[in-house]
Amino acid sequence: MAFQLGEDNDTGMTEMNLIPLIDIMLVLMIIFLVTATVANPSIPLTLPKTTADIIDPPPESIQVSINSQGEIAWDSEIISLDELQKRFNDAGGSAQQPTIILKADKESRYDTVAQVMSRASEAGLADIAFATDN
């Protein structure tokens, strides 16, 4: 006497149950949405302050400062962006290109910093150092 459970059908399972798959996908989607908003926090930042070692400035350097009002200074002389472009072009045409030491106030606009960097790049000056407080 043989023991048998279920039907006498030898065809096997012909269709797949998709409900557990859909449940898992919904849980994964919720996890993704939650972690995506945590990965890009939108909190106010206070920059720059680092613990990096202080390096002596190179022998040939230009100090460009940006204050919190967006004024640009070449060494200690406040100049416009157009004047800055002219001075960068003059410095970029020299035999040995100087290093630009960029000192930006932590309250200055990123747009002003980007404009200064863009104009330095247009003049062929690529060696830019950012000065920070320790």
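Values below: all heavy atoms of this structure, side chains included; hydrogens, waters and symmetry mates excluded.
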Could you list the residues that satisfy salt bridge (Lys or Arg N to Asp or Glu O under 4.0 Å) with Glu122, not counting sequence neighbours?
none
Side-chain contact, heavy-atom cut-off 4.5 Å: Asp82 with Arg119?
yes
Is there a side-chain contact between Glu77 and Arg87 in this structure, where contact means two heavy atoms from C-beta onward sitting under 4.5 Å apart?
yes
Inter-residue atom distance Ser118.OG - Gln85.CD, 0.5 Å rounding:
8.0 Å
Mind checking what makes side-chain hydrogen bond (donor to acceptor under 3.5 Å, both in side chains) contact with Gln97, not counting sequence neighbours?
none
Mind listing the closest non-hydrogen atom pair of Ala91 and Pro98 along with its distance?
O-CD, 3.7 Å
Any chance you could measure Gln63, atom CD, to Thr99, atom OG1, to the nearest 0.5 Å?
11.5 Å
Rounded to the nearest 0.5 Å, how far does CD of Glu71 lie from OG of Ser65?
11.5 Å
Who pairs with Asp111 by salt bridge (Lys or Arg N to Asp or Glu O under 4.0 Å), at least two apart in sequence or on another chain?
Arg109
Gap separating the CD atom of Gln69 from the OG1 atom of Thr112, nearest 0.5 angstrom:
11.0 Å
same_hphob_cluster(Phe32, Ile22) at 4.5 Å side-chain heavy-atom cutoff:
yes
Any pair with a residue in residues 95-117 that passes ring-ring contact (aromatic ring centres under 6.0 Å, His included), sequence neighbours left out, goes on the list, sorted by first then second residue, please.
none
Side-chain hydrophobic cluster, 4.5 Å single linkage: members besides Ile62:
Val64, Ile66, Ile72, Trp74, Ile79, Leu81, Leu84, Phe88, Ile100, Leu102, Val113, Val116, Met117, Leu125, Ile128, Phe130
With side chains defined as the heavy atoms from C-beta onward, is the minimum distance between Met29 and Leu26 less than 4.5 Å?
yes
Atom CE of Met25 and atom CG of Leu28: how far apart are they, to the nearest 0.5 Å?
6.0 Å
List for me each residue that meets salt bridge (Lys or Arg N to Asp or Glu O under 4.0 Å) alongside Asp23, sequence neighbours excluded, and say none if there are none.
none
